[in-house]
Amino acid sequence: MDTYDPIELLSNRFRQAIARAYPEVGQEVDPLVSASRQPQLGDFQSNAAMSLAKRVGANPREVARAIIAHADMSGIAEPLNEQSVAGPGFINVRLAPDALVRLLEALDEPALGLRPDEPMTVVVDLCGVNLAKQMHVGHLRATIIGDTIARLHERLGHKVIRQSHVGDWGLPIAMVTAKLLELEDRGELSESLDLDELNRLYKQAQAECAGEHRAMEVIQRVGGHAKLEAELAAINAEADEHLAHARRVLVALQSGDQRVRAMWQRIYDVTMSECLRTCARLHTLITDEHSAGESTYAEELGQVVEDLASRGIAHESDGALVVRIEGIDEPCLVRKSDGGYLYATTDLAAIRRRVQQLGADLVVYCVDARQSLHFKQVFAVARLAGYATKPGASQPSRLEHAAFGTILGEDNRPFKTRSGENVKLSDLLDEAVARARRAVDERSAELSREERDSIAEAVGIAAIKYADLSNDRIKDYVFSFDRMLAFEGDTGPYLLYALVRIRSLFRKAEAEGIAFDPHAPIIITEPEEKALALALLRYPKTVRAAAETLQPHRLCGYLYELCSAYSTFYDRCHVLKADDAEQRCSRLRLCHLTARVLADGLDVLGLPTVERM
RNA sequence: GUCCCGGUAGCUCAGCUGGAUAGAGCAGCGGACUUCUAAUCCGCAGGUCGCAGGUUCGAAUCCUGCCCGGGAUGCCA
């Protein structure tokens, strides 16, 4: 048997049977094999007869009988008979016990049935922090969903390049750079500048440049407040001066002025060192080498725009340069009327580099769903201009916006602090870890302080990540510490706990001198054993589906079901106290395989695991 | 206005390529710890799949219209 996947094997047999029964339809028919939802009816089912009935002009149950008559299930499933046909024409299949064992043994190899695909290069755009700003809840999803999508593709053997499109360029950055230079001139710039302070100065710089133009409009409309008007005018004049100064700093930065550049670098370093620390704490594989900020495209923007204009793809409109796309009403602006470039321009340059230089066959943008129009436009322009096509390729690479919804508070409004500020991501992680710590203290007071610390860290992070990843990406979800750290239910801690129990079992076996034989014969007799076995066999296909659809929540759902099947098995089928040595060895092997699949799946999701909790 | 996304149990969510009696978790009720980690397991109860049409042997799933909620929508990113 050359594959571990019962659905594939059964599909082949059904395909052959259909071809024999109905030579006129050939091998093209999808046998529609899926896992049965009701174990009492069978393990798997084929729904082919119903769809085939119309094509061959017979009634579905007759078609089902014809398929059965031509089906050879030897070596895989129990023979099919009249009783196998149910309802309108479902064909129920029960795996042969020895086949189930062989499939499990085939799965029980180092790669767990996940042999590498035809290797591709995948670029995943994730994280997306901004200079001089703390990571906040908004970055949580872009970071962890992006990292998990990257891990999914790595697991399938692809070359994955993570890229954080850092917001490190443009006027806002120049404003804070100007602010810092000013402080330095006055000798008021702290040597130990950290991100909190930097973030404070950023907001201050923003406010200073913004002035009170809105208030002024209101006052002027109302009239009769000459004194106030004069005050606002003074503030605005000052703000305009700040803004003009910031623009001069931007020009200096862009032309490579050494002092300005050095200050920018300092802002960059302070921001990134702290953000990357948070990325590491989130158990993501995002490091310095994955930063590809907007600044790195600065030199290419002019070329891109020039190229689009000279080839007649972009046109002038009200002073701006736009690309119009068939099927999209809103044009894509690539150059402002003042000559400045926009984020679409940078993203076009990024696609060009990612596809043509990095060789991406797939580029995934893990970015907020609110930007879907933007990506729709940019992808279309990139395809039109050929930027999405690898040199020599006939087809453009796949460009995907892995959009995600908003994190909501318990009031169903976007998650903010009481004062309406964004919640600092590190505060959020601290809170989750502190709550996890309380739970660990309650239950496992016997463990050392250090051990409880590291367990709490892993449990807290796993809880936050699982709560996020287990929801369908595109939807908004409600953030709740109570729910994600709950003692019961579909949570990160539940998955970690299942693995802990298996690991504990093996420690106990070792302590009792019970040998584990990784090649012991597997004997499936109890329904709980069979349910666990069938769950294990679904692993490879689940990982592939999650990667293909860019939906980590499918893998989460699977792992929860696997753990659930294991917990039931664990409850009903004693392992170390099994009836005899054969059964004990078989069950130990089942436990071992479960632990490996679970640990592998958790690793693909990017959840930390623990030995005890 | 136009476009995008969502609407499934009291709450939070799954539901695969259209397939059998729509599934979990939480909360509620009732059970299981002298027994491998009970952060567990088992059972009960809980549904107009937003509404109305249509396609189909079969629709939560596909199509059309409408309702509700969120978002986007030419010079921020």
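Numbered from 1 within each chain, the chains take letters A, B, ... in sequence-line order.
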Ring pair (Phe, Tyr, Trp, His ring centres under 6.0 Å) assessment of A:His374 paired with A:Phe379: CA-CA 9 Å; A:His374 165 70; A:Phe379 291 170; 8.5 Å; no
For a quick check of understanding: with a heavy-atom distance under 4.0 Å over all strands, which category does A:Val575 fall into, base, sugar-phosphate or nothing? base
Test A:Phe569 against A:Tyr566 for ring pair (Phe, Tyr, Trp, His ring centres under 6.0 Å), laying out the working first. CA-CA 5 Å; A:Phe569 159 82; A:Tyr566 178 76; 5.7 Å; yes
In this structure, how many angstroms lie between the P atom of B:C36 and the OH atom of A:Tyr570, rounded? 7 Å
For the rings on A:Tyr343 and A:Tyr341, is their centre-to-centre separation under 6.0 Å? no
Does A:His553 make a side-chain N or O approach to OP1 or OP2 of B:G15 shorter than 4.0 Å? yes
With a 3.5 Å cut-off and just heavy-atom distances, do the side chain of A:Arg324 and the base of B:G74 make a donor-acceptor pair? yes
Using only modelled atom types and a 3.5 angstrom limit, is any donor from either the side chain of A:Asn92 or the base of B:A20 paired with an acceptor on the other? yes
Which base, if any, makes a Watson-Crick or G-U wobble pair with B:C57, both distances under 3.5 Å? B:G19
Hey, is the side chain of A:Arg483 poking within less than 4.0 Å of OP1 or OP2 on B:U12, counting only N and O atoms? no
Grab the CD-C1' distance between A:Glu488 and B:G28 for me, whole Å please. 14 Å
Assign A:Cys563 to base, sugar-phosphate, or nothing according to its heavy-atom contacts below 4.0 angstrom with the strands shown. nothing
Expressed as a whole number of angstroms, how long is the span from A:Asn471:CG to B:G15:P? 10 Å
Rounding to an integer number of Å, can you tell me how far A:Arg501 CZ sits from B:U35 C1'? 13 Å
In this structure, how many angstroms lie between the P atom of B:U34 and the NZ atom of A:Lys577, rounded? 12 Å
For the C1' atoms, the ones on B:A59 and on B:G53, what distance do you get once it is rounded to whole angstrom? 13 Å
When you check the phosphate oxygens OP1 and OP2 of B:C26, does a side-chain N or O of A:Tyr494 lie under 4.0 Å from one of them? no
Provide, to the nearest angstrom, the distance between the CG atom belonging to A:Leu499 and the C1' atom belonging to B:U40. 15 Å
Check every strand shown and say whether A:Ser337 touches a base, only sugar-phosphate, or nothing at a heavy-atom separation below 4.0 Å. base
At less than 4.0 Å, is any side-chain N or O atom of A:Lys475 found next to OP1 or OP2 of B:G7? Yes or no. yes
Mind checking if A:Val33 touches a base, just sugar-phosphate, or nothing, with heavy atoms under 4.0 Å? base
A:Tyr466 and A:His553 aromatic centres sub-6.0 Å: no
Separation of A:Tyr466 atom OH from B:A14 atom C1', in whole Å? 10 Å
Assigned partner base of B:A24, Watson-Crick or wobble definition, under 3.5 Å: B:U12
Whole angstroms only, please: what is the OH-P distance between A:Tyr477 and B:A14? 12 Å
With a 4.0 Å cutoff (strictly under), does any side-chain N or O of A:Tyr343 reach OP1 or OP2 of B:A77? no
Regarding A:Leu342, tell me which of base, sugar-phosphate or nothing describes its non-hydrogen contacts under 4.0 Å with the strands shown. sugar-phosphate
Any A:Arg37 side-chain N or O less than 4.0 Å from OP1/OP2 of B:A20: yes
With rounding to whole Å, what would you report as the distance between B:G19 and B:U61 at their P atoms? 11 Å
Scanning all shown strands, the Watson-Crick or wobble mate of B:G43 with both distances under 3.5 Å is B:C29
Would you state whether a donor and an acceptor, one from the side chain of A:Ser317 and one from the base of B:G74, lie under 3.5 Å apart? yes
Establish whether the base of B:A20 is bridged to the side chain of A:Gln45 by a donor-acceptor pair shorter than 3.5 Å. yes
With a 3.5 Å limit on both atom pairs, tell me what B:A72 is paired to, counting Watson-Crick and G-U wobble, or say none. B:U2
